[in-house]
Amino acid sequence: MRISTNTIYQSGIARISNLQSDQAKLSEQISTGRRISSPSDDPVAAARALEISSAQSSNKKFADTRQTAQLKLNTLESNLTSVTNLLVSAQSSLVSAGNATLSDTERGFIGSELKRSLDALIGLANTQDASGNYLYAGYKTSTMPFVATPTGANYAGDSNQQLLQVE
């Protein structure tokens, strides 16, 4: 079998053309800092890059949600600590009101103190988070959940729970 000179020249030109194309591609990769400039360069790697990008986006959202949850839990913990302290104080006042040696005036002072404690308790029950949403209103976060009445308080929220996905 004979190989003509023209065939040798054509294969040499094709090889030089391929090398120039590869060089241009490598030069582009170096200048952009990316190995894949279009999905056709490496379809498998491009698909994997999209998966990783999507996972990073999801992880960022979950991290933001975890931070929001942590802030809400800190607010709730502080609020419930205040409620506990207020209830202990009210219980102490009620126990002292049972003393038979107290006068009606002194019992009136204790009653006024208990009324202030009830008002403070309703204020704590109507606590808002940093976004201005009521903590204990369920889904009705813009509605004040507890409204004072002459006989105590009425609940105006709903029984739904606010859930956050943090995983």
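Numbers for residues simply follow the sequence, beginning at 1.
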Which atom names give the shortest non-hydrogen contact between N59 and R66, and what distance separates them? O-NH2, 4.4 Å

Donor-acceptor under 3.5 Å (S82 side chain, S78 main chain): yes

Do E77 and L73 come within less than 4.5 Å of each other through their side chains, counting heavy atoms only? no

Would a distance-only check, ignoring hydrogens and angles, find a side-chain to backbone donor-acceptor pair under 3.5 Å from Q162 to G138? yes

CZ (R15) and CG (N18) are apart, to the nearest 0.5 Å, by 6.5 Å

Measuring from Q56:CD to I52:CD1, what's the distance to the nearest 0.5 Å? 7.0 Å

Please check if the side chain of S58 supplies one atom and the backbone of S54 the other of a donor-acceptor pair under 3.5 Å. yes

Starting from Y136, can I reach I122 by hopping between I/L/V/M/F/W/Y residues whose side chains sit under 4.5 Å apart? yes

To the nearest 0.5 Å, what is the distance between OG (S93) and CZ (R107)? 13.5 Å

Look at atom CD of Q29 and say whether more than 12 heavy atoms of other residues, nucleotides or ligands are closer to it than 6.0 Å. yes

So which heavy atom on N154 is nearest to which on T149, and how close? ND2-CG2, 3.2 Å

Nearest-0.5 Å distance that lies between atom CG in L121 and atom CZ in R116: 14.5 Å

Any donor-acceptor pair under 3.5 Å from S117 side chain to E113 backbone: yes

Say you draw a straight line from CG of L87 to OG of S89; how long is it, rounded to the nearest 0.5 Å? 9.5 Å

How close do S4 and T7 get, heavy atom to heavy atom, and via which atoms? OG-OG1, 2.9 Å

Evaluate the criterion side chain to side chain donor-acceptor pair (under 3.5 Å) for residue pair T101 and N99; output intermediate values, then yes/no. CA-CA 6 Å; T101 61; N99 187 347; 2.8 Å; yes

Take atom CG in D22; do more than 12 heavy atoms of anything else shown fall under 6.0 Å from it? yes

Which pair of non-hydrogen atoms, one from P145 and one from A125, has the smallest distance, and what is that distance? CG-O, 3.7 Å

So does R48 pair up with E51, basic N to acidic O under 4.0 Å? yes

Output yes when a side-chain donor or acceptor of S57 lies under 3.5 Å from a complementary backbone atom of S53, and no otherwise. no

Under 4.5 Å between side-chain heavy atoms, hopping through other hydrophobics if needed: is there a path connecting L135 to L80? yes

With hydrophobic residues grouped by side-chain heavy-atom distances under 4.5 Å, do Y155 and V147 end up in a single group? no

Partner of T81 under side-chain contact (heavy atoms from CB on, under 4.5 Å), chosen from V83, T84, N85: N85

Heavy-atom closest pair, residues S103 and E106: N-OE1, 2.8 Å

Is there a donor-acceptor contact under 3.5 Å from the side chain of S27 to the main chain of Q23? no

Quick check on the hydrophobic clustering: are L124 and M144 connected, directly or via other members, by side-chain heavy-atom contacts under 4.5 Å? no

Flag, side chain of T68 to backbone of D64, donor-acceptor distance under 3.5 Å: yes

F62 atom CZ, neighbour heavy-atom count above 12 within 6.0 Å: yes

Atom CG of N133 and atom OG1 of T127: how far apart are they, to the nearest 0.5 Å? 13.0 Å

Determine yes or no for a side-chain-to-main-chain donor-acceptor pair under 3.5 angstrom, with N126 supplying the side chain and F146 the backbone. yes

Taking a hydrophobic cluster as the set of Ile, Leu, Val, Met, Phe, Trp and Tyr residues connected by side-chain heavy atoms closer than 4.5 Å, whether directly or through intermediates, do L114 and L102 fall within one such cluster? yes

